[in-house]
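Have a look at the structure below before the remarks.
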Amino acid sequence: MSGASKAEAVLEVRNLKTVFFTNSGLFRAVDDVSFSVRRGETLAIVGESGCGKSVTALSVMRLVPDPPGKIVGGEIILEGKNLLALDDEAMRKIRGNRISMIFQEPMTSLNPVMRIGDQITEALRLHQDISGKDAWKQAVDMLRLVRIPEPERRAQEYPHQLSGGMRQRAMIAMALACRPTLLIADEPTTALDVTIQAQILALMVDLQKKLGTGLILITHDLGVVAQTAQRVIVMYAGRKVEEASVEALFENPLHPYTRGLMASIPAVPSLDAKADARLVEIPGMVPSLTKLPTGCAFAPRCRFAVPRCREEYPPLGDFGGRHLAACWRAGEMAEAS
Amino acid sequence: MSEAQPLLEVTDLVKHYPVRGGVLRRQVGTVHAVDGVSFSLAPGETLGLVGESGCGKSTVARSVLRLVEPSSGEIRLNGEAITRLSKSELRPYRRSMQIVFQDPFASLNPRMTAGDIVGEPLTVHGLASGERKQERVAELFQQVGLRPDQMKNYPHQFSGGQRQRICIARALSLGPSLIVCDEPVSALDVSIQAQVINLLIDLQRQRNFSYLFIAHDLAVVAHISHRVAVMYLGRIVEISDKAELFANPRHPYTQALLASVPVANPRIRRLTPLVEGDVPSPINPPSGCAFHTRCRYAMDRCKLERPPLVEASAGHQVACWLNDGTGRANTNP
């Protein structure tokens with residue numbers, strides 16, 4: 001792999017379009033989304049349910065259920081190879097090997113009737129030419145790497161014998177077993193308690209540094225984003241509406257939707273906080289993808305909307321230092337701050 | 001709470017569930033879901049109950065409404081003990097206590113219209129019927145931000161946030177003085193969550209009822225509550241006025257919980273977990289202070305004796321031997 005080109009981008013997604021054909025019509029779950037992930041970088045994809053963040057991840061893995069879903073356009077380039085041009089056999093060699101994915105609910109993604117060690121061993125032997133004995137040894141090493149106490153004993157256990165946090169650690173061990181260049185984590189800590197979430201996030205960031213893996217972190221939690229990501233993309237109704245470095249995004253959000261999201265999360269209060277202050281809310285709700293308005297999809301909920309927003313979809317503009325936003329009024333926002 | 005009579009008073013609430021095993025289904029253990037919880041709630045006040053899964057917060061909520069029967073302890077509503085009342089004796093009290101659940105999909109009957117769902121309590125308690133009931137329901141719809149013409153729609157025609165509004169309208173229909181909210185916004189998207197929290201706050205300002213607000217999200221609890229109680233393995237480990245609790249957390253568990261919340265500020269990165277390991281099983285909770293197995297400050301005494309909940313400063317109670325009133329400073333990390 002000649003990873004030196006393009007500042008070592010391990011993944012480049014260009015103009016990805018994924019659609020679903022349903023009884024109520026065609027909807028564009030992912031509409032013209034581009035991004036890249038570099039070696040050792042964490043890219044967070046944020047948005048609410050139905051914004052297309054999970055379908056984006058499944059598209060990269062080529063796991064979109066077909067039918068009803070279909071990737072209809074764009075390129076997904078992993079280490080110089082366009083994944084959309086590969087046949088199923090070649091894709092199987094990449095999945096679990098060069099790209100891995102972990103999901104929100106570890107219990108549903110682990111095989112309940114297989115020992116933890118065997119599950120990791122299976123992944124290893126599928127992609128590497130090693131003996132069962134060596135694979136088992138590596139599996140135990142992986143469990144040790146994710147800081148599961150007594151890894152030799154735990155490898156012999158079944159998923160139900162582990163706690164939620166331990167299961168997620170086992171998932172991470174399995175995902176990283178083949179040392180992939182890219183790890184996709186879809187809401188990896190959403191089902192966990194907050195003290196366990198802190199442990200898992202710390203572990204993921206630490207391992208990523210150690211192994212140099214590129215990470216796509218899909219989450220709805222802006223706190224998790226701020227604590228882990230280097231770059232962030234914000235999605236709304238299938239489109240990328242903003243992209244920036246994590247610092248720029250939190251200091252100077254340009255899209256009204258991003259601003260709304262940030263204002264609507266309650267913060268842990270300080271001493272001077274009012275007992276029951278109202279939160280800033282985004283009125284209305286996310287539009288149905290089958291009935292998207294013409295123009296900007298956020299316009300019906302946006303306080304800053306002008307007539308143009310309802311007529312034309314705003315293009316993504318660069319507002320300095322690769323801070324992109326798709327909003328007709330982002331320029332004014334950028335100047336105002 | 002000291003001045004007026006509290007609306008709700010819970011004293012030494014205990015709920016144990018038997019664990020059965022073997023062919024004879026003999027009892028082989030006990031789940032200590034709630035293990036001696038006491039608190040009170042003033043009229044118009046919101047008490048937040050936080051803790052991680054399995055800490056017993058939902059069991060407390062359900063015991064208060066007697067949706068689960070407490071093993072022991074006493075619950076007083078407006079000074080009257082309701083713990084040992086029979087079902088029919090309890091009925092008049094049920095009017096003043098309502099609950100809103102986490103999952104607005106599971107808690108609405110899919111075969112009833114939204115209007116019928118909200119109006120049903122009025123029928124059950126014989127408070128209104130016919131035209132008057134319809135008017136009352138329409139009024140409730142407006143109060144929770146729904147349109148009266150949506151009364152004829154079925155639950156599946158509403159979004160998650162709107163369904164939660166229906167649940168709130170149903171809870172309001174009998175004019176309760178206490179609403180127990182069990183994770184009411186956890187299933188909702190961030191932008192919708194803010195709408196529902198604001199609605200709950202607005203309604204309380206208008207009608208002055210009390211909330212017992214249960215959630216695992218500290219920020220949400222902190223936002224809506226006046227006082228907050230932190231639970232760990234069936235016990236309250238700290239309870240205090242909100243501002244004081246967040247400014248000056250005294251229990252090591254509260255401190256760890258606060259430090260674990262990811263801060264939405266990339267300039268403050270602190271990804272160092274303060275507690276290692278998992279919450280122990282409530283079947284055989286650790287001796288002494290249940291937190292001692294994960295506590296950085298644990299001493300010998302913590303393993304042997306259970307620390308009582310004592311006043312550390314005015315209105316701030318904590319169950320930790322480091323804050324036993326001997327004048328030793330609390331250990332801030």
Side-chain angles (χ1 to χ4, degrees), chain A residues 48-50 147 149 163-166 189 192-203 205-206 220-230 232 245-247 249-251 257 260-273 275-286 301, chain B residues 46 51-55 159-162 188-199 201-202 204-205 216-226 241-244 246-248 253 256-279 294:
Chain A
E48 299 179 283
S49 21
R147 291 181 219 132
S163 67
M166 283 302 153
T189 57
L192 304 175
D193 278 319
V194 20
T195 57
I196 310 298
Q197 164 171 286
Q199 293 171 10
I200 297 290
L201 289 178
L203 174 74
V205 168
D206 186 45
H220 68 281
D221 188 331
L222 285 168
V224 171
V225 173
Q227 292 299 307
T228 56
Q230 276 89 50
V232 187
S245 71
V246 70
E247 292 85 9
L249 190 86
F250 278 86
E251 255 154 48
Y257 176 61
L261 272 188
M262 286 185 183
S264 63
I265 43 169
V268 171
S270 49
L271 251 183
D272 52 334
D276 49 2
R278 296 180 100 251
L279 290 165
V280 180
E281 54 184 78
I282 306 177
M285 53 190 162
V286 178
R301 302 174 76 188
Chain B
T46 301
E52 300 181 282
S53 23
C55 73
S159 68
Q162 288 174 326
L188 306 176
D189 268 323
V190 189
S191 69
I192 307 301
Q193 199 173 319
Q195 294 174 5
V196 173
I197 293 173
N198 282 344
L199 174 66
I201 291 174
D202 291 346
Q204 186 181 44
R205 282 189 193 156
H216 68 282
D217 186 329
L218 267 174
V220 168
V221 168
H223 190 83
I224 200 168
S225 307
H226 303 105
D241 176 65
K242 165 176 71 179
E244 160 72 10
F246 284 91
N248 195 13
Y253 179 63
L257 212 52
L258 286 176
S260 302
V261 179
V263 193
N265 182 350
R267 303 240 180 247
I268 310 171
R269 285 217 169 158
R270 36 156 221 210
L271 271 178
T272 30
L274 272 188
V275 282
E276 293 295 335
D278 291 309
V279 181
R294 302 169 82 197

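Per chain, numbering begins at 1; letters A, B, ... match sequence-line order.
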Query raised in the report: Say you draw a straight line from CZ of A/Phe250 to CD1 of B/Ile268; how long is it, rounded to the nearest 0.5 Å?
Result: 11.5 Å

Report summary line: Scored by heavy-atom pairs under 4.5 Å with chain A, the best of B/Gln193, B/His216, B/Arg294 is B/Arg294

Query - Part of B/Arg269 within contact of chain A (heavy atom distance under 4.5 Å) - result: both

Requested in this report: Against chain A, work out which of B/Gly277, B/Ser159, B/Pro262 has the most heavy-atom pairs shorter than 4.5 Å and name it.
Outcome: B/Pro262

Query raised in the report: What part of B/Asp202 is in contact with chain A, defined as an atom under 4.5 angstrom from a non-hydrogen atom: side chain, backbone, both or neither?
Result: side chain

Report summary line: Greatest number of non-hydrogen atom pairs under 4.5 angstrom with chain B, of A/Gly50, A/Ala263, A/Ala229, A/Gly164, falls to A/Ala229

Query raised in the report: Rounded to the nearest 0.5 Å, what separation is found between the CG atom of A/Leu192 and the CG atom of A/Leu201?
Result: 9.0 Å

Query raised in the report: What is the distance from atom CG of A/Leu222 to atom CD of A/Gln227, rounded to the nearest 0.5 Å?
Result: 12.0 Å

Report task. Flag the one option from A/Ser163, A/Ala202, A/Ser49, A/Gly165 with the top tally of heavy-atom pairs under 4.5 Å to chain B. Result -> A/Ser49

Query raised in the report: With distance as the sole criterion, is a donor-acceptor pair present between the side chains of B/Ser191 and A/Glu281 under 3.5 Å?
Result: no

Query raised in the report: Side chain, backbone, both or neither: which part of A/Pro283 has a heavy atom under 4.5 Å from chain B?
Result: backbone

Query raised in the report: So which part of B/Ile197 gets closer than 4.5 Å to some heavy atom of chain A, the side chain, the backbone, both or neither?
Result: side chain

Requested in this report: Would you give the length of the straight line joining atom CG of A/Leu279 to atom CD1 of B/Ile201, rounded to the nearest 0.5 angstrom?
Outcome: 6.0 Å

Query - Segment of A/Arg301 engaging chain B (4.5 angstrom heavy-atom cut-off) - result: side chain

Query - Euclidean distance, A/Arg147 CZ relative to A/Leu203 CG, rounded to 0.5 Å - result: 5.0 Å

Query raised in the report: Pick from A/Val205, A/Thr228, A/Ile265, A/Leu261: which one has the most heavy-atom pairs with chain B under 4.5 Å?
Result: A/Thr228

Report task. Tell me, for A/Glu48 versus chain B, whether the close heavy atoms (under 4.5 Å) come from the side chain, the backbone, both or neither. Result -> both

Query raised in the report: B/Asn265 versus chain A, heavy atoms under 4.5 Å apart: side chain, backbone, both or neither?
Result: backbone

**Report entry** Short side-chain donor-acceptor distance under 3.5 Å, A/Thr195 and B/Glu52
**Finding:** yes

Report task. Using distance alone, with no hydrogens and no angle criterion, decide if A/Ser245 and A/Gln230 have a side-chain donor and acceptor under 3.5 Å apart. Result -> no

Requested in this report: Please look at A/Val280 and chain B and tell me whether the side chain, the backbone, both or neither of the residue comes under 4.5 angstrom of a heavy atom of that chain.
Outcome: backbone

Query raised in the report: Just by modelled atom types, is the B/Val275 backbone N or O under 3.5 Å from a matching donor or acceptor in the A/Gln199 side chain?
Result: yes

